[in-house]
Amino acid sequence: MTDHWVRLELDTTTFDAERFGAYVTRCRDQGIRLTTLAELGDTPEHRRALYELNKECSADIPERGEFFTYEEFCARRFDVPSYDPRGVVIALDGEEWIGLAATSRHTGFVFNEMTGVRAPYRGRGISIAMKTFGMDFARLCGLHRIRTFHHPANASAIGMNRTMGFVDTE
Ligand SMILES: CC(C)(COP(=O)(O)OP(=O)(O)OC[C@H]1O[C@@H](n2cnc3c(N)ncnc32)[C@H](O)[C@@H]1OP(=O)(O)O)[C@@H](O)C(=O)NCCC(=O)NCCS
């Protein structure tokens, strides 16, 4: 596992909402619905579905290794004060969960826990659409900084974030 992470931050006050709002529209035009776990219902079934989707997408993160068990995932993602289902964006194609952009609330910033799109749906702007849609959560929290970090070999995730205006931070 790397000891050099690419740490990125976005200031939502300078975010180009018009340019990236078009990704949300494009997503809807493709028949992809964006919603949140709060809207869908923060139920045991939906938590399990989120876990399965996260696990599948995480298999493509460089050097990710074996994914958490469901119990470990719950302890890290749900059973923490930073968890809020309004910060978890889900993309659906019909009934199928095809993407997630999960954020959590911290002092002074919102943290991107995980962004993932099922392989057949990649390259269509869905991750940018989900993250743009998810900025409502930062507004709701009264926060304007969004942070994330990535393995240096994760070119698509780093490229996607840089496209949105994320810049390097310490
Ligand atoms: C990273 C990931 C979420 C991107 O999802 P996606 O929906 O395919 O990404 P998008 O189509 O929205 O691409 C958005 C932008 O990223 C950039 N991008 C995408 N792939 C790229 C690559 N290989 N190199 C550089 N930039 C890239 C482009 O700027 C693109 O915008 P454009 O198409 O308008 O030029 C997806 O590849 C994935 O699920 N990977 C596995 C999980 C993962 O690594 N998640 C990140 C760790 S939390």
Side-chain angles (χ1 to χ4, degrees), residues 1-10 12 14-37 47 49-68 72-73 76-78 80 82-85 87-94 96-106 109-138 145-169:
M1 183 54 78
T2 182
D3 56 3
H4 164 70
W5 296 94
V6 177
R7 298 183 183 278
L8 301 170
E9 184 173 288
L10 178 77
T12 61
T14 58
F15 179 65
D16 190 343
E18 193 176 324
R19 175 178 170 200
F20 296 107
Y23 283 76
V24 175
T25 306
R26 182 148 63 100
C27 212
R28 289 184 177 136
D29 290 347
Q30 295 175 62
I32 305 295
R33 179 160 78 100
L34 301 180
T35 185
T36 65
L37 195 59
R47 286 184 174 199
L50 185 72
Y51 169 74
E52 296 298 342
L53 180 59
N54 196 141
K55 183 177 177 179
E56 177 180 328
C57 294
S58 288
D60 294 327
I61 297 176
E63 292 186 51
R64 174 62 186 77
E66 199 173 328
F67 196 64
F68 306 120
E72 287 166 344
F73 184 80
R76 285 171 167 267
R77 291 289 179 77
F78 301 126
V80 285
S82 55
Y83 170 65
D84 188 325
V88 180
V89 175
I90 311 290
L92 293 116
D93 184 6
E96 189 189 351
W97 292 33
I98 58 100
L100 76 145
T103 57
S104 55
R105 180 186 191 156
H106 300 265
F109 65 95
V110 162
F111 182 68
N112 273 168
E113 297 279 351
M114 170 68 187
T115 305
V117 174
R118 295 195 67 210
Y121 290 87
R122 290 182 191 159
R124 300 193 204 172
I126 294 172
S127 70
I128 288 188
M130 291 191 298
K131 290 185 67 150
T132 301
F133 184 80
M135 278 186 205
D136 281 349
F137 179 63
R145 273 201 295 270
I146 302 179
R147 289 185 181 161
T148 187
F149 64 89
H150 293 292
H151 189 286
N154 199 341
S156 53
I158 295 167
M160 173 266 285
N161 282 304
R162 290 203 194 283
T163 296
M164 294 185 78
F166 279 79
V167 294
D168 294 279
T169 186

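Sequence positions, counted from 1, serve as the residue numbers for this chain. Every number for a ligand or one of its atoms is a count from 1 in the order of the listing. These numbers were taken from a predicted model, which means no experiment stands behind them.
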Let me know which of L34, T36, L50 forms a side-chain contact (heavy atoms from CB on, under 4.5 Å) with I90.
L50
Angle class for the F73/F67 ring planes (parallel below 30°, perpendicular above 60°, tilted otherwise)?
tilted
Fit a plane to each ring of F111 and F109, take the angle between them on a 0 to 90° scale, and name the class: parallel (under 30°), tilted (30 to 60°) or perpendicular (over 60°).
perpendicular
Hey, which residues fall under 4.0 Å of ligand 1 on heavy atoms?
Y23, C57, D60, I61, M114, T115, G116, V117, R122, G123, R124, G125, I126, S127, I128, H150, N154, A155, S156, A157, G159, M160, T163
Side chains of W5 and H151: closer than 4.5 Å at any heavy-atom pair?
yes
Treating R64 as the side-chain partner and E66 as the backbone partner, does any N or O pair qualify as donor plus acceptor under 3.5 Å?
yes
Provide the full list of salt bridge (Lys or Arg N to Asp or Glu O under 4.0 Å) pairs with a residue in residues 147-165, sequence neighbours left out, each pair given once.
E9-R147, R162-D168
